[in-house]
Amino acid sequence: MGDGARSVLVTGATGLVGFEVADRLRGRPGVAVTATSRRPGTAPPDAVPWTIGGEPRPARLDRHWDVIVHTAADVRWTMTPEQAHRANVATVAALRPLISADTHLVHVSTAYAGGLRGDVSSDDPADYRNTYEWSKAGAERLVRELPGPVTVVRPPLIVGRRADGRAARFAGMYTILRGIAAGSVPVLAAEPDALVDVVPVDDLGDLLVETALRPPDGGTAPVVLAGGDRAPSVRAAVEAMLDGLNAWRAERGIERLVAPRVVPPESWHRFFLPFAREHLTARQNRMIDLLRVFEPYFSLTGPLVPTRRVTGVEDCVRASAAYWADRNPRLASLRPRPWRGAD
Ligand SMILES: NC(=O)c1ccc[n+]([C@@H]2O[C@H](COP(=O)([O-])OP(=O)(O)OC[C@H]3O[C@@H](n4cnc5c(N)ncnc54)[C@H](OP(=O)(O)O)[C@@H]3O)[C@@H](O)[C@H]2O)c1
């Protein structure tokens with residue numbers, strides 16, 4: 001560095017988003033990128049190991065940064081409040097010494113950081129769907145107190161990239177895909193016409209790189225990357241996912257899997273689930289508990305309001321499912337018995 005190049009620090013470089021951002025920035029003329037990672041073993045070889053908030057920052061990072069793209073976070077929806085705060089708020093606080101008055105912080109949040117009220121001002125977990133949202137709202141409040149300019153970018157559910165479905169890590173939608181492949185998802189509790197907003201990781205990577213490389217515009221409104229009222233319905237998204245998996249299976253002579261029925265949460269909990277529970281295996285019961293965290297997101301009636309619109313995501317969901325299958329061939333090839341209980 002020291003050659004007049006723009007210095008950019010990317011946190012979370014082993015993650016779905018951080019990997020894509022660091023990959024895009026490397027080799028860009030006029031940019032000197034430094035990636036950090038908690039797990040050096042799986043990170044790019046040049047990544048600086050650092051458990052943010054959990055250990056002192058490495059001396060190598062003590063320098064001036066033009067831009068920090070902060071993607072490191074714990075995206076689980078099932079954390080305790082303490083875990084969520086440590087993972088997603090204390091980590092922002094730990095970046096503070098790296099930020100000068102002219103460091104542009106590009107902070108990755110979530111489209112749902114506003115929780116049930118639709119804004120991030122509340123510190124009451126009851127105002128959010130889960131501790132993850134609550135902690136991401138806390139992080140958004142904290143970044144506003146930092147000295148430099150800040151751009152908050154809010155994506156909804158993220159899947160692999162458009163061209164080939166590549167994803168450095170599988171969370172979110174992939175939990176459902178894994179469950180369907182294993183035959184552990186009898187029913188999806190969702191409003192059939194609810195929209196599920198999904199963005200390809202490369203669309204987000206492009207946006208983050210573009211934001212990082214241009215001067216901050218001084219605005220404080222979050223950038224929402226989403227499909228909004230053009231997002232696919234839950235049913236269409238699940239079908240696209242199954243299409244991708246089934247196309248992969250067909251190439252290998254493995255029979256198709258049938259998409260789980262979409263049942264409105266109220267009917268599922270009142271009529272089907274009490275009956276189904278006792279007939280399910282422990283693994284299937286666990287999967288049902290796991291999927292419960294998706295219900296609020298699969299019952300949203302009001303679409304997100306994008307500031308940057310994403311369209312045509314169904315093909316990307318197909319490609320993402322096929323990419324996942326390529327990386328998990330044993331699971332993707334299973335022949336689970338069809339479900340009968342909830343018919
Ligand atoms: N995935 C989604 O669908 C989604 C949707 C909306 C918003 N977001 C937001 O997008 C951002 C990126 O998420 P993602 O999907 O890329 O998550 P991810 O795949 O789970 O990656 C998270 C990254 O953060 C690192 N990390 C976590 N805690 C850390 C710590 N204390 N110190 C250092 N590194 C730490 C992880 O390191 P390890 O490799 O060691 O785990 C990993 O590199 C997050 O801010 C998330 O809230 C994600």
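Atoms within each ligand, like the ligands themselves, are counted from 1 in listed order.
Taking the ring centre of Tyr174 as origin, the terminal cationic atom of Arg169 falls outside the region bounded by 6.0 Å and 45° from the ring axis. A cation-pi geometry, defined here as NZ or CZ lying under 6.0 Å from the six-membered ring centre and within 45° of its normal, does not hold between Arg270 and Trp268.
With a 4.0 Å cut-off on non-hydrogen atoms, Ala87 does not touch ligand 1 at all. Heavy atoms of Thr91 found under 4.0 angstrom from ligand 1 belong exclusively to the side chain. At a 4.0 Å heavy-atom cut-off, ligand 1 touches Pro156 through the backbone alone.
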| task | Evaluate the side chain to side chain contact (heavy atoms under 4.5 Å, CB included) criterion for residues Leu242 and Leu257: first the C-alpha distance (whole Å), next the side-chain angles of each, then the deciding distance (0.1 Å), finally the verdict. | result | CA-CA 7 Å; Leu242 258 286; Leu257 292 174; 3.8 Å; yes
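Looking at ligand 1, you won't find any N or O of Ala72 less than 3.5 Å from one of its N or O atoms. Between Gly18 and ligand 1, a contact under 3.5 Å exists for no N or O pair. Note: an N/O pair closer than 3.5 Å links Arg169 and ligand 1 by distance alone. Checked by distance only, ligand 1 and Gly15 come closer than 3.5 Å through their nitrogen or oxygen atoms.
Ser7 and His64 share no donor-acceptor pair across their side chains, judged by distance under 3.5 Å alone. Residues Arg178 and Asn328 bring no donor and acceptor atom of their side chains to less than 3.5 Å of each other. In summary, the side chains of Asp123 and Trp134 do present a donor paired with an acceptor at a separation below 3.5 Å, with no hydrogens or angles considered.
With distances taken over non-hydrogen atoms, the option nearest atom 41 (O) of ligand 1 out of Arg76, Arg38, Arg154 is Arg38. The nearest non-hydrogen atom to atom 30 (C) of ligand 1, considering only Val21, Thr11, Ile52, comes from Ile52. Across Leu208, Asp197, Ile158, Thr36, heavy-atom proximity to atom 2 (C) of ligand 1 is greatest for Ile158.
Every atom of ligand 1 with a heavy atom of Trp50 under 4.0 Å away is listed here by number and element: 32 (N), 33 (C). Within ligand 1, counting atoms from 1 as listed, the ones closer than 4.0 Å to a heavy atom of Tyr132 are 7 (C), 8 (N), 9 (C), 46 (C), 47 (O). For ligand 1 and Lys136, the ligand atoms under 4.0 Å from any heavy atom of the residue are 44 (C), 45 (O), 46 (C), 47 (O). Heavy-atom proximity to Ser109, at under 4.0 Å, picks out these atoms of ligand 1: 7 (C), 8 (N), 9 (C). Of all atoms in ligand 1, listed by their number and element, those nearer than 4.0 Å to a heavy atom of Val75 are 13 (O), 17 (O), 20 (O), 46 (C), 47 (O). Set against the non-hydrogen atoms of Ala73, the atoms of ligand 1 under 4.0 Å away are 22 (C), 24 (O), 27 (C), 44 (C), 45 (O), 47 (O). In summary, the atoms of ligand 1 found under 4.0 Å from a heavy atom of Thr14, numbered by their order in the structure, are 37 (O), 38 (P), 39 (O), 42 (C), 43 (O). Of all the atoms in ligand 1, the ones that sit under 4.0 Å from a non-hydrogen atom of Thr71 are 11 (C), 12 (C), 44 (C), 45 (O).
Nearest heavy atoms, Ala168 versus Thr14: CB-O, 4.2 Å.
In summary, the aromatic rings of Tyr323 and Trp248 are positioned with their centroids too far apart to meet the 6.0 Å limit.
Just one of Lys136, His70, Glu140, Glu133 meets the side-chain hydrogen bond (donor to acceptor under 3.5 Å, both in side chains) condition when paired with Ser109; it is Glu140.
Under the rule for a salt bridge (charged side-chain N to carboxylate O under 4.0 Å, His left out), the partners of Arg76 that lie at least two apart in sequence or sit in another chain are Asp74. Evaluation of the ring-ring contact (aromatic ring centres under 6.0 Å, His included) rule for His269 yields no partner, not counting sequence neighbours.
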